[in-house]
Amino acid sequence: MTAVAIATFDSEGAWLRARTRAIAAGHRVVGEWLPYASKAIGSGEGRGGILPWALTGGAIGGFGLFALECWTAIVSYPFNSGGRALLSWPAFIPAPVEFAALTAGIGGIVAMFVQARLTRLTHPAFDWEEVAEASRSSFVLALGCTAGDDANAAVALLANAGATHSRVIGL
Amino acid sequence: MAQLFRPGANTLVRAALACVVLAPLLLFLLGMTIVRSGYVTGEGRFVDQPVPFSHQHHAGDVGIDCRYCHTGVESQANAVIPPTHTCMTCHSQLWTNAQMLAPVRESMASGKPLAWNRVNRLPAYVYFDHHVHVQNGVPCAACHGDVRRMPLTRQTASLTMGWCLACHRSPEDRIVAPAREFEGDPYHGRTANDRAFAHAVMAHIVASGRKLTDCTVCHR
Amino acid sequence: MSIELDRRAILRLIATGAAASVAGCSPPRQHIYPAVNRPDDAQPGTLTRYATAIPLAGYARGVTGLVVDSRPIKLEGLAAHPASLGATDLFNEIAILDLYDPQRLRTPMFGDRPGTWDGAARAISSRVAARHGEGMVLLTGRVTSPTLLARIAALKESYPDLRHVRWEAVDDDAPIAAARHAFGRPLTQRPRLADADVILTLGADPLGPGPDQIANGRHWATRRRRDPMARLYAIEPSMTNTGAMADRRLSASPADLARACHGLAAALTGDRQAPDLPAPLAVLIRQAARDLAAARGRALVLAGDGQPAEVHAFVAWANSRLDAPVDWIAPVDPDSTPHRESIATLAADMRAGRVDTLIVIGANPVYAAPPALGFAEAMKRVPLIVAAVTMPDETSARAHWQLPLSHPLESWHDCRAPDGTASIAQPLIRPLYDSRSAIELVDLVGDAAADLDGYARVQQSWANLGADGWQEAVAGAIVPNTASRPAVVATAPLVLPPIDTTFGPAIEVRVSPTLYDGRFSTNAWAQECPEPLTKEVWGSSARMHPADMATIGIGDGDIVRIAQGHGTVVVPARAVRGQAKGVVTLFTGYGRRDTGAVADKIGANAWMLAGGGPAHVSKAGEHAPVLTTQHVFALDGELAKLYPVLRPDEAMAPAKAQPTLIPPNPPNQDAPPQWAMAIDTDICIGCNACVVACQAENNVPVIGPDEIATGRVMHWLRVDRYDVAETGAGFQPVPCMQCEKAPCEPVCPVEASVHTAEGLNAQVYNRCIGTRFCQANCPYKVRRFNFLDYSHSSVWGEAGDSSVKAQRNPEVTVRGRGVMEKCTYCVQRIAAAEHDADAQHRPVGAVQTACAAACPTEAITFGRLDEDGAIRRARANKRHYALLGELGTRPRTTYLARRVNPGNEA
Amino acid sequence: MSGVQMRHVRKQSPRWVLPSVTSLDHVTEAVAAPMMDRPAGPRYWIAFATMAALTLAGALGIAFSLAYGPGLWGNNSAVVWGFPIANYVWWIGIGNAGTLISSLLLLTRQKWRASINRAAEAMTLFAVSMAGIFPILHLGRQVYFYWLFPYPQAMGVWPQWRSALVWDFWSILSYLLFSILFFYVGLIPDVAALRDRPGKRGWRRFYGVLAMGWQGTPRQWRAQRRLHSIMAVIAVPLVCSVHSIVGLDFAASLMPGWTESIFPPYFVVGAFFSGFAVVVLIMLVIRWSMNLEGLIVPAHFDVMAKVILASAIVMGSSYGAEWFSAWWGGERGDIRLVVYEFTGDYWWLYLLMLAMNVLAPQLFWVAKLRTNAWALVGVSVGVLVGMWLERILIILNTLSTGYEPSFWRTYAPTIVDFIILGGTLAAFVLLFLILARLIPVVSMYEVRDLLADERQA
């Protein structure tokens with residue numbers, strides 16, 4: 001790949017149109033940037049779930065704390081507290097429940113960081129000012145091209161599809 | 001648009017995130033170690049005294065019985081620091097003008113008490129009773145160590161609540177036969193005798209319904 | 001024996017005592033000070049008990065001093081002593097605080113300059129030596145001390161013209177006068193309450209404050225416990241502790257009380273015309289007369305000391321007619337001149353300039369003498385006044401010389417109990433300050449150069465005992481068979497009191513149950529101890545009948561001006577139950593000046609109105625009610641279950657088992673010893689001895705009026721006062737219930753409140769972080785929170801409380817700020833008993849809590865649930881109940897219900 | 001705000017973004033510009049200064065309390081709990097609403113949440129922080145609060161897990177941290193926008209770090225959206241349980257008026273109630289001060305007013321249930337308590353509380369009032385006062401009349417009590433003022449989404 005044709009669109013519709021045409025014309029989409037979570041990108045469930053992470057986190061936190069409660073109250077230093085049973089399990093439930101929620105959240109956010117490839121403060125994409133547009137208002141589409149004429153064709157296609165702006169970036 | 005951050009930033013921010021998780025954990029562990037260290041508990045601490053009294057010499061070499069000076073240890077809560085008078089029973093004859101004993105003579109003359117510095121210090125809200133321990137086979141050495149080998153008296157136990165509890169939870173292997181309570185190192189070579197007495201004491205404790213881990217055993 | 005220990009040592013011990021433990025806070029002192037030369041019986045840290053005696057108004061009451069490290073820290077009863085019987089009252093309990101009171105006079109003072117004993121002695125002798133003591137007067141309180149009397153006699157030898165005047169503000173002139181009239185000689189009446197099946201009190205308060213309270217309480221309770229149940233009638237101007245416990249009670253104005261006497265006389269003799277009585281009074285008199293007559297030989301009539309001589313004379317007649325269980329003994333106080341007369345003559349002499357030197361020992365006429373005498377004015381005419389006091393007071397403030405008097409616990413002395421039994425009192429501590437005892441002082445007056453040795457003086461006046469006898473007498477604080485023999489008396493003639501019908505309210509001045517005649521005003525424990533019936537603290541109001549208050553247009557807590565003769569007081573008024581219409585009642589002991597931070601400027605001086613004569617009560621403006629620690633006394637509706645009142649043979653309804661999800665106790669919970677307490681509300685006379693005993697034993701701080709005003713209290717044990725029947729009242733001491741299913745424990749987040757294997761609801765002060773959830777969830781509200789740093793702040797003003805710290809019990813943690821505290825059945829005493837038992841390999845013996853030990857009537861019993869004894873007997877009693885038992889808390893402290901035996905109307 | 005009576009909108013299919021807002025970029029600018037480009041005006045700084053001063057006063061009140069102890073407050077030996085606990089319950093209640101609103105509406109696909117959820121979540125963070133002060137402050141020995149945390153002490157003792165206060169400890173901790181995470185996850189795309197927006201480099205780097213390298217690729221959007229909804233699913237029960245546990249502080253006791261199984265749900269509704277009142281106030285202020293009339297429209301207030309009205313009715317019926325169960329249960333203690341509520345020392349406060357919580361919101365039956373700024377302010381403030389009174393009265397009524405008449409005591413707060421309460425109020429506003437200058441108070445990307453939707457429709 002020698003060049004990239006990149007274009008910005010001011011609406012979800014225009015971007016989708018261009019996308020389908022480009023793919024039909026055999027172009028390869030090398031990058032997309034959106035100003036909001038369009039329904040078009042689908043939920044992508046199943047592909048690397050976040051839920052399992054959250055559940056694991058929650059389980060560790062919840063059961064961990066409950067186990068700690070039982071151990072301290074029964075094994076480590078048992079007390080007669082108002083004649084209650086040493087294993088007052090109903091009273092042991094609230095704290096772990098709350099804590100489980102927290103650890104689940106933590107598990108989830110870790111998963112998200114991993115899957116969203118975050119913590120990449122520097123990234124080649126940031127060299128293209130179009131990408132900066134995306135986070136504020138525009139839909140950005142980048143097509144990978146092999147040769148110069150190919151690139152020009154791609155740019156033309158994007159322009160026709162209603163791009164507010166499009167250009168070729170040589171690599 | 002130009003990059004906002006230098007390439008190093010990615011690694012940096014990841015390291016930072018790691019710290020957010022790990023730093024508190026490390027601090028926590030550090031704290032746990034410090035509070036258990038002798039620096040805080042005073043375990044192994046030597047304390048200067050107005051008179052460099054040597055338990056090694058008096059109790060070890062000369063072989064004076066603990067109870068000769070610590071008269072309360074078998075009969076009451078307070079083991080008792082001996083009055084100056086007790087020192088002078090011997091030192092009115094021996095070493096009558098040794099420089100190091102000047103404070104003792106001075107105290108006897110002036111009637112002003114010697115100000116010994118406390119070695120084994122319990123918080124004021126802890127009520128320790130010597131005679132109930134000694135009479136039930138807990139040797140002096142259990143808490144004070146082998147003073148017969150101490151030229152200067154040293155705090156040998158951490159004296160934390162956890163340390164007290166350790167023994168109160170399973171006293172039996174800390175209990176020795178009546179005769180041996182005042183030995184320097186009674187735990188060395190426990191006899192069947194010791195175990196028998198320990199067993200008897202435990203039986204009594206259980207029968208009495210007393211729970212050695214009750215708060216009121218030490219706190220009021 | 002006495003404790004030979006240098007004064008520095010004491011102060012040093014005070015210092016270490018001060019350092020003694022603050023929950024969870026500052027580390028203890030780093031130094032250990034072994035004594036230089038220690039007496040064998042004084043092992044550091046051990047608690048030793050010594051018998052001694054302390055006087056109240058001159059009468060001895062035996063006490064046992066608990067001494068640690070040569071510091072007395074608590075006073076308990078002395079079983080062998082007839083005026084103690086092993087118990088104490090409020091005044092015995094608070095005496096220990098007076099010893100350490102920072103307000104004490106510490107050195108001789110000449111004017112406002114510190115002086116020396118020498119100077120004082122020379123000042124006196126230089127005046128009187130030449131003139132054989134002419135114009136010299138020695139003013140003391142009641143003197144029963146053989147030694148002191150002997151020294152005064154000796155003094156008279158060197159100063160023939162010396163006059164000794166003895167005077168008590170709370171006098172017994174009326175009964176003595178009555179006895180004179182009835183039997184031709186002064187005699188004192190000693191009722192045997194234990195033998196009385198029917199008692200009628202005419203304004204009398206045998207169960208109330210006074211030298212006899214303990215003994216009376218005990219004997220009355222002894223009879224009360226016996227079946228068939230005795231009956232107590234009370235006719236009185238305002239409610240007293242006795243009246244509260246009465247089975248039938250009526251409030252009556254002085255006039256009505258006199259009428260009652262006439263009515264009773266008529267009913268008993270049957271041969272005279274009964275005067276017209278108010279209907280309820282007539283009914284009560286008829287019934288009382290019937291019962292008294294029926295119980296001849298075991299029936300008793302009592303008149304209050306405040307009643308006129310005629311009433312006492314009448315009572316003497318009634319008792320001899322009823323063949324009542326009464327002993328007449330020669331007055332224990334050898335001087336039988338009427339108190340009022342002697343103080344009046346003295347004042348007159350002073351005004352006439354006939355007094356040249358006045359020496360006052362432990363008397364405070366400026367405060368308590370009738371205002372008509374103008375004592376303070378008269379003092380101005382006396383060239384030399386020397387006043388010896390423990391605590392500076394109004395009289396000493398006007399004296400030229402103020403001399404520090406030793407506390408009874410600091411000096412050798414002797415005195416007689418109200419029944420004549422003599423006690424030799426040994427000191428429990430060397431004088432803390434440069435003070436002298438009364439005995440030494442009298443010697444000093446006689447000879448400035450005399451070597452003062454109270455010990456020798458006392459010993460020589462008991463020389464007849466011999467060495468062993470002396471040893472025994474001192475060790476037991478009793479001289480065997482010294483009680484006065486009952487006199488044989490003739491039948492007393494019938495005397496009827498005149499019915500005084502002068503218009504206007506009658507003023508009743510009563511002895512304060514917390515401050516006595518004012519001699520305990522400076523005692524912070526006394527000031528903070530709630531008055532039994534109104535629960536007033538740090539002050540006292542004029543008690544009035546609501547109707548009377550309405551007529552002058554005032555409400556509860558409004559200020560009134562009460563003027564009578566020469567005296568006027570301005571106090572808040574309070575409408576109280578059982579107050580007679582037309583009677584205004586005030587308590588003595590308030591309105592002090594020149595005494596110190598505690599007592600000054602609290603309330604008004606009731607002695608100003610002691611003169612008698614027509615009084616005038618008027619509204620004086622603003623609303624400033626006196627503080628109380630209990631605001632609701634009536635138990636209406638379902639609340640009545642809190643204080644059940646039974647008929648003589650009635651039984652408590654059996655409590656029905658409550659369903660509970662809480663599992664039964666773990667097995668080790670039932671292993672011995674299991675501690676429990678039972679409180680018999682039927683014989684609790686509300687004397688407050690337990691409240692202060694607990695305070696002294698457990699280092700409970702005094703918090704002062706400001707804290708009380710915000711609704712805070714610290715007393716671990718409170719005595720609830722509830723209305724009973726139509727006119728009576730009842731008392732319910734409420735310590736911690738030590739619930740087996742304690743609601744306070746599961747709510748504590750840090751296990752500061754936990755249960756021990758022995759059934760104690762422990763409170764671990766050093767673990768407590770002060771969430772206060774436990775008190776919020778305690779149905780009995782028996783937990784106390786240190787909202788501020790009470791144990792380190794002082795109510796003694798700039799005097800500070802360093803000396804008070806010496807009283808603290810070293811076996812009990814001093815709680816710091818932010819910590820919850822509460823009754824733990826004196827766990828330190830339990831621990832001591834158990835440790836000794838375990839060390840000596842023997843079973844645990846009996847343990848007494850401070851409150852149980854103090855109780856005069858033995859209403860509070862403490863013991864073990866796991867063996868036969870008082871506790872099991874109490875729990876088997878048909879009057880047994882658990883407070884709020886329906887909550888399923890299973891309290892270890894339980895109660896026996898109050899009874900009333902009103903009988904049926906004649 | 002422009003005209004007290006907002007221009008009313010057609011009932012059917014309300015528009016959540018006014019036509020005045022045309023493009024996606026417009027949304028970003030409307031929210032970001034006032035924050036990044038425009039300097040804060042004098043009005044802002046005056047408000048800031050006053051709040052800072054009041055916060056300082058509150059801090060002093062707290063400092064004195066720490067130095068001298070709880071004795072500075074009105075609490076007494078019977079009413080051992082007072083302002084601190086009431087403030088705590090009240091603040092945590094307010095705090096609950098934020099996350100609940102945002103998560104509940106997210107799950108129920110309520111598009112209109114877009115413009116209010118950011119502020120609501122921020123409110124949660126700040127309110128919970130304020131709430132968190134009190135459980136520690138109210139202790140007698142604050143320095144040992146950490147004993148509630150199970151760490152291996154040299155003393156060998158652990159927390160007592162049966163205590164509702166320990167449950168509290170865990171729920172506050174979990175809830176606060178969770179809310180921060182939830183807030184952050186929703187914030188990432190917006191800080192990325194600020195990073196990419198022309199502005200001072202320093203600030204852009206600041207937002208750059210917060211954005212963690214967000215680009216807005218479909219992959220990232222999917223992850224973010226998925227996590228956001230998962231957290232919402234967790235948040236709803238979390239929020240409810242948090243306030244249920246606060247309710248259990250009282251319900252898990254045996255004092256009359258506290259041992260009520262109705263408490264947990266009734267506390268949750270109360271929380272929702274007071275929370276919405278605060279959201280209304282905040283949205284009014286933001287709308288007016290940042291000229292966001294285009295994004296925060298009358299319809300928003302209309303809906304929120306309806307929610308308040310509904311919860312007012314639920315509150316009313318809970319009070320009714322309390323009285324009824326007292327009468328029906330026949331427990332004398334409970335009956336006495338209900339009588340005391342109406343006739344006791346605090347009767348007028350109780351009536352005021354009923355008026356504020358139950359009657360005042362009934363105004364919202366009138367459609368016009370639901371979008372009338374003054375009506376909204378009045379009722380919201382009323383509800384907040386009413387709910388605070390409810391919290392304090394729960395404590396006072398029960399503790400003033402326990403089982404033992406001999407120990408009945410009435411409670412009177414001190415000046416310190418009020419200073420501390422006022423201090424936290426000021427601190428809350430102060431935090432908001434700071435926030436408004438730091439991060440977008442309206443979720444830009446969600447409004448873009450919303451706008452796009454509406455434009456298609």
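So you know, we letter chains A, B, ... as the sequences are listed, proteins then strands, and number each from 1. All heavy atoms count here, side chains included; hydrogens, waters and symmetry mates do not.
- Residue contact with chain D, scored on non-hydrogen atoms closer than 4.5 Å, involves the side chain of Trp71(A) exclusively.
- Pairing each heavy atom of Tyr445(D) with each of Pro35(A), the nearest pair is CB-O, 3.7 Å.
- If you tally non-hydrogen atom pairs under 4.5 Å between each of Gln224(D), Glu446(D), His26(D) and chain A, the highest count goes to Gln224(D).
- Per-residue counts of heavy-atom pairs under 4.5 Å with chain A were compared for Phe169(D), Trp214(D), Phe182(D), Tyr175(D); the largest is that of Trp214(D).
- No part of Val166(D) comes within reach of chain A, as not one of its non-hydrogen atoms sits under 4.5 angstrom from that chain.
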* Candidate pair Tyr36(A) and Val27(D), rule side chain to side chain contact (heavy atoms under 4.5 Å, CB included), full reasoning -> CA-CA 12 Å; Tyr36(A) 58 83; Val27(D) 173; over 6 Å; no
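- In the model, Thr72(A) has a side-chain atom that pairs as donor or acceptor with a side-chain atom of Trp161(D) under 3.5 Å.
- Under 3.5 Å, the side chains of Arg136(A) and Thr28(D) contain no donor-acceptor pair of N or O atoms.
- Pairing each heavy atom of Ala54(A) with each of Ile230(D), the nearest pair is CB-CG2, 4.2 Å.
- Contacts of Ser38(A) with chain D are made by backbone atoms alone, with heavy-atom separations under 4.5 Å and no side-chain atom involved.
- Inspection of non-hydrogen atoms places Leu238(D), Ser241(D), Val242(D) of residues 235-242 of chain D under 4.5 Å from chain A.
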* Trace of the side chain to side chain contact (heavy atoms under 4.5 Å, CB included) decision for Ser135(A) with Gln215(D) -> CA-CA 7 Å; Ser135(A) 65; Gln215(D) 296 179 20; over 6 Å; no
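- For Leu55(A), the side-chain contact (heavy atoms from CB on, under 4.5 Å) partners at least two apart in sequence or on another chain are Leu51(A).
- If you measure heavy-atom distances from Glu12(A) to chain D, the contacts under 4.5 Å come from the side chain alone.
- Across all their heavy atoms, Leu227(D) and Ile109(A) have their closest contact at CD2-CA, 3.7 Å.
- Here side-chain hydrogen bond (donor to acceptor under 3.5 Å, both in side chains) pairs that include residues 148-158 of chain D, with residues two or more places apart or in two chains, are Ser76(A)-Trp158(D), Arg767(C)-Gln153(D), Tyr151(D)-Gln153(D).
- Rounding to the nearest 0.5 Å gives a distance of 4.5 Å between CG of Asp449(D) and NZ of Lys39(A).
- Proximity to chain D is limited to the backbone of Ala85(A), based on heavy atoms less than 4.5 angstrom apart.
- In plain terms, the two heavy atoms of Phe178(D) and Leu102(A) that are nearest each other are N-CD1, 3.7 Å.
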* To do: Apply the test side chain to side chain contact (heavy atoms under 4.5 Å, CB included) to residues Val97(A) and Trp170(D): give CA-CA distance (whole Å), side-chain angles for both, the deciding distance (0.1 Å), then the verdict.
  => CA-CA 9 Å; Val97(A) 168; Trp170(D) 287 97; over 6 Å; no
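- For Ile188(D), the part lying under 4.5 angstrom from a heavy atom of chain A is the side chain only.
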* Give the C-alpha distance, both sets of side-chain angles, the deciding distance and a yes or no for side chain to side chain contact (heavy atoms under 4.5 Å, CB included) between Ile41(A) and Arg225(D). => CA-CA 11 Å; Ile41(A) 63 177; Arg225(D) 193 170 57 185; 4.3 Å; yes
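- Nearest heavy-atom pair, Leu118(A) versus Gln220(D), reported as atom, atom and distance to 0.1 Å: CD2-NE2, 3.5 Å.
- Interface with chain D: from residues 56-70 of chain A, residues Leu65(A), Leu68(A), Glu69(A) qualify, criterion being any non-hydrogen pair under 4.5 Å.
- Side-chain contact between Leu24(D) and Asp10(A) is absent, with no heavy-atom pair separated by less than 4.5 Å.
- Between Ile245(D) and Pro94(A) the shortest heavy-atom distance is CD1-CB, 3.9 Å.
- Interface remark: Ser174(D) contributes backbone and side-chain atoms alike to the contact with chain A (heavy atom separation under 4.5 Å).
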